[in-house]
Amino acid sequence: MALPALLAQVAGEDQIAFGEAISAGFAYGLAAIGPGIGIGYLVGQAVQAMARQPEAAGMVRTTMFLGIAFTEALALIGFVVFILLKFA
Amino acid sequence: MPLLALEFPPITHLVEWPDFFAAGEWYALNKIGLLCLLSMAFTLTIFFVAGRKAALVPTGVQNVAEASVDFVREGIVLQTMGEEGLHRKWVMPLLTSLFWFILFANIFEIIPGIQMPATARMAIPALLALLVWVIFNGVGIANQGLGGYLKSSLFPPGVPKALYILVTPIELISTFVVRPFSLAVRLFANLLAGHILLVTFAVLATALFEASVVLKAVTVLPFVMLVFLTGFEILVSFLQAYIFTILAAVYIGGAMHPEH
């Protein structure tokens, strides 16, 4: 069933809870897409670099964790938004 | 009674703890505050015990302390600041104690009977991130002067003059607002997510075990998952302590010299 049709069935104050639940789900789901692709690509490239040049593995690993930390922040902000929408 | 109706506790029951000491006063203490004090006490104890009678061949606690100092020096300071980080005497103690404090605050997540990471409340990561923010700005101002520090962080060299209209506001926000914010949120959200994950599977296992006889056999699935996740959370605790420390080192190291 389409969202507007569902919304029409929900009365009064429940509409706010309905909207919060729906947008909380979308907030985390959408926020996870980009960082998911990004971290996958990042770690893949890092593994390739380590396989080609094992002596540089330490440096690559440090930089990889830094990159993961920056990329992952977006997904985590999405998670916090989800918590705020759902529970706050 | 519905077959699989789960009573998931509201989130306030998972992370909020009542004051057990001097409730309502400014020095009131709850579980989170106690865990913070414990983390500090453990960090101090490790280094006092290790340093009290330092043997040439380290054993026990001294081994752990020396391994962690070595890890911070080789894996964090030398990788991000180079030799200069070792010449400044305050860098190593700051980063090592930061690492240990966050590690202890995180690892309470999986200690049976406690099972609450102190860093899953925003106040503690926010305070640590604020500390790092003050230090890296202080280092920048002390090393480059206020004008020089603002110039090197707001006007990165090698950019066409006209583009500064775009670049400067972005740099302003990303350096002075987003950095501490993301530093705090990264630690907080990782630990909160881990805590909720563990609670979810624990609740699922208990609910299935208390349900009908048929479902008792299925209980083993969420329980095995719970055991795996507990192992995973140990990894996350180490990783987040490491990432917080290395990012602090990157920010402090970046403020020491103008970019070029």
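No experiment lies behind these values; they were computed from the predicted model shown. Throughout, a chain's letter reflects where its sequence line sits, starting with A, and its residues are numbered from 1.
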Enquirer: Atom CG of Leu94(B) and atom CD1 of Ile252(B): how far apart are they, to the nearest 0.5 Å?
Expert: 5.5 Å

Enquirer: In Å, rounded to the nearest 0.5 Å, how long is the span from CG of Leu235(B) to OG1 of Thr230(B)?
Expert: 12.5 Å

Enquirer: Taking side chain to side chain donor-acceptor pair (under 3.5 Å) as the definition, give me every residue that meets it alongside Asn143(B), ordered by chain and number, with sequence neighbours left out.
Expert: Arg88(B)

Enquirer: Please work out whether the ring planes of Phe155(B) and Tyr164(B) are parallel, tilted or perpendicular, with thresholds of 30° and 60°.
Expert: perpendicular

Enquirer: Looking only at atom types and distance, does a side-chain atom of Trp133(B) sit under 3.5 Å from a main-chain N or O of Phe176(B), one as donor and one as acceptor?
Expert: yes

Enquirer: Taking every non-hydrogen pair under 4.5 Å, which of Gly58(A), Ala75(A), Ala73(A), Ala69(A) racks up the most with chain B?
Expert: Ala69(A)

Enquirer: Can you tell me if Ser152(B) and Gln144(B) form a side-chain donor-acceptor pair at under 3.5 Å?
Expert: yes

Enquirer: Ala126(B): what forms a side chain to side chain contact (heavy atoms under 4.5 Å, CB included) with it, not counting sequence neighbours?
Expert: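 In terms of side chain to side chain contact (heavy atoms under 4.5 Å, CB included), with neighbours along the sequence ignored, Ala126(B) is linked to no residue.
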
Enquirer: Measure distances from Ile196(B) to the heavy atoms of chain A and classify the residue's part below 4.5 Å as side chain, backbone, both or neither.
Expert: side chain

Enquirer: Does any heavy atom of chain B fall under 4.5 Å from the side chain of Ile83(A), the backbone, both, or neither of them?
Expert: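 The side chain, not the backbone.
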
Enquirer: Could you please spell out the steps behind the side chain to side chain contact (heavy atoms under 4.5 Å, CB included) verdict for Leu198(B) and Gln115(B)?
Expert: CA-CA 9 Å; Leu198(B) 291 183; Gln115(B) 283 169 325; over 6 Å; no

Enquirer: How about CZ on Phe70(A), more than 12 heavy atoms from neighbouring residues, nucleotides or ligands closer than 6.0 Å, or not?
Expert: yes

Enquirer: Please state whether the side chain, the backbone, both or neither of Phe65(A) comes within less than 4.5 Å of a heavy atom of chain B.
Expert: both

Enquirer: About how many Å separate OG1 of Thr206(B) and CZ of Phe201(B), when rounded to the nearest 0.5 Å?
Expert: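 So the CZ of Phe201(B) and the OG1 of Thr206(B) are separated by 12.5 Å.
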
Enquirer: Between His257(B) and Glu84(B), is any side-chain donor less than 3.5 angstrom from a side-chain acceptor?
Expert: yes

Enquirer: Using a 4.5 Å heavy-atom cutoff, which residues in residues 30-38 of chain A come close to chain B?
Expert: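 Residues qualifying by a heavy atom under 4.5 Å from chain B are absent, so none.
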
Enquirer: Only pairs under 3.5 Å, no angle test: what donor-acceptor pairs are there between chain B and chain A?
Expert:
{"residue": "Arg186(B)", "atom": "NE", "partner": "Ala69(A)", "partner atom": "O", "Å": "2.9"}
{"residue": "Arg186(B)", "atom": "NH2", "partner": "Ala69(A)", "partner atom": "O", "Å": "3.0"}

Enquirer: If you draw a 6.0 Å radius around CZ in Phe228(B), do more than 12 non-hydrogen atoms from other residues or ligands fall strictly inside?
Expert: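 No, CZ of Phe228(B) has 12 or fewer neighbouring heavy atoms, counting only those of other groups under 6.0 Å.
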
Enquirer: Can you tell which part of Phe244(B) gets under 4.5 Å to a heavy atom of chain A, answering side chain, backbone, both or neither?
Expert: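 The answer is neither part of Phe244(B).
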
Enquirer: Can you say whether Leu239(B) sits under 4.5 Å from chain A via the side chain, the backbone, both, or neither, judging by heavy atoms?
Expert: side chain

